[in-house]
Amino acid sequence: MRIATWNINSVRLRIGLVTRFLETWRPDVLCLQETKCPPGQFPTSALLQAGYGHIADNGYTGHHGVAIISRIPIAESHVQSFCGRNDGRHVSVRLDGSGLVVHSLYVPAGGDEPDPATNGKFAHKLQFIDELKAWAGGLGCSGTGHHVLSGDFNIAPLESDVWSHKQLLKVVSHTPVETGKLNDLMASCGFHDPVRAHHPEPEKLYSWWSYRARDWEAADRGRRLDHIWVSQDISHLCRNVAIVREARGWSRPSDHVPVILDIDECGG
DNA sequence: ATGGTAGACTTTCTA
């Protein structure tokens, strides 16, 4: 079973890149974030042609928006709301026959100023992580399935997840309050990070490079903002991971690249 | 010392 996550930054504009990725890498399930696609306007026909006929969409007008597209039939889907908003930041699916529940999550970016007292977006981000922790803590013991929690978490939790730990300590996405909350969430909710298990620190790993760099590849000032976590009960089934860096060099790219996890089937 | 880019119900917002 191959599961991927990708912040696509407009699924309608980049549907050609999505199908290129699907045809090259053949994931069974692809989680998307920042689809920027209102409900009912998801580009389903191109995906159907590529063999992905099962779609769970939680779109939102203008920005945000998440979706899951699958080759495997979807038994049921669910949308979780956080911070009292329904702004397209989560959707999950239970896959037919596998007992797997796959989540596509889009954590608020948090604005520029890392101070919740003066920046409401940063306060929202911190509250979102707190609510995520309370909710995710119930997943492991709910008996509803084995969970894959993936998406754009907008936090690079480890020193080797950014191009310069020192220079990013006061930059939203790598401040101690954010990295502390995310590392605590993973540990206390019983989740495991197979990407880091396969590529331990101090290897640098990035999944995002700013559009604002003159030459993203030469500067290589990236951050690992996109993650695929699994619940501990299936951590031993993780086989392989990949970060598709080459996708950042495609024509009119997203600023994020796909992250891939291969996991053995875990039955019903 | 502070831009820089990209996308969307664009004249501004979010990232």
Side-chain angles (χ1 to χ4, degrees), chain A residues 5-21 31-43 46 57-67 81-90 104-116 118-129 132 150-157 161-164 166-175 177-179 182 206-227 245 247-259:
Chain A
T5 184
W6 194 6
N7 178 320
I8 192 62
N9 188 18
S10 177
V11 69
R12 287 176 293 178
L13 190 69
R14 292 190 229 287
I15 186 62
L17 297 189
V18 173
T19 54
R20 176 177 177 178
F21 171 72
C31 299
L32 294 172
Q33 301 85 38
E34 275 204 273
T35 54
K36 295 185 175 179
C37 182
Q41 294 186 35
F42 204 81
D57 175 34
N58 182 17
Y60 190 78
T61 298
H63 45 275
H64 311 159
V66 295
S81 85
F82 298 95
C83 306
R85 309 183 194 193
N86 282 301
D87 52 355
R89 296 187 180 276
H90 172 271
S104 181
L105 185 69
Y106 181 47
V107 174
D112 288 330
E113 183 61 43
D115 179 359
T118 57
N119 173 10
K121 290 177 194 169
F122 195 68
H124 177 214
K125 183 178 196 174
L126 297 183
Q127 190 192 339
F128 191 101
I129 297 291
L132 185 63
S150 75
D152 177 1
F153 295 4
N154 266 312
I155 297 173
D161 292 335
V162 292
W163 65 275
S164 168
K166 238 182 146 173
Q167 291 181 74
L168 288 172
L169 275 170
K170 292 180 177 174
V171 174
V172 170
S173 74
H174 194 62
T175 65
V177 62
E178 295 170 85
T179 59
L182 195 68
Y206 312 138
S207 65
W208 172 89
W209 294 261
S210 172
Y211 283 125
R212 297 176 186 176
R214 227 172 271 123
D215 182 339
W216 73 272
E217 196 163 25
D220 202 21
R221 294 186 166 187
R223 305 177 203 171
R224 188 170 72 111
L225 304 179
D226 303 274
H227 302 272
R245 180 187 171 103
R248 186 62 177 79
W250 291 352
S251 173
R252 300 205 72 187
S254 170
D255 46 353
H256 297 251
V257 300
V259 180

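Letters A, B, ... are given to chains in the order of the sequence lines, protein chains preceding strands, and every chain is numbered from 1.
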Study note, to complete from the structure: By salt bridge (charged side-chain N to carboxylate O under 4.0 Å, His left out), D115(A) pairs with (sequence neighbours left out) none
Review point. Under a 4.5 Å cut-off applied to non-hydrogen side-chain atoms, are W6(A) and L17(A) in contact?
Key: yes
Point to revise | Inter-nucleotide C1' distance (dG7(B), dT11(B)), Å rounded | key: 15 Å
Revision key, fill the gap. Residue set satisfying salt bridge (charged side-chain N to carboxylate O under 4.0 Å, His left out) with D255(A), at least two apart, ordered chain then number -> none
Exercise for review: Not counting sequence neighbours, which residues clear salt bridge (charged side-chain N to carboxylate O under 4.0 Å, His left out) with D161(A)? List them please.
Suggested key: R196(A), R224(A)
Practice item. Using the P atom as the reference point in each nucleotide, state the distance between dA6(B) and dA1(B) in Å, no decimals. Key: 28 Å
Exercise for review: Could I get the full list of salt bridge (charged side-chain N to carboxylate O under 4.0 Å, His left out) partners for R245(A), not counting sequence neighbours?
Suggested key: D220(A)
Exercise for review: Please list, chain by chain and in numerical order, all residues satisfying side chain to side chain contact (heavy atoms under 4.5 Å, CB included) with V171(A), sequence neighbours excluded.
Suggested key: L168(A), R223(A)
Review point. What string of B, S and - do you get for nucleotides 5-15 of chain B, 5' to 3', when a contact is any protein heavy atom under 4.0 Å?
Key: BSSSB----SB
Point to revise | Separation between the P atoms of dG4(B) and dT10(B), rounded to whole Å | key: 23 Å
Practice item. Would you kindly give the NZ-to-P distance between K170(A) and dT2(B), to the nearest whole Å? Key: 18 Å
Check your understanding: Rounding to the closest angstrom, what is the interatomic distance between dT5(B) and dC9(B) at atom P?
Key -> 22 Å
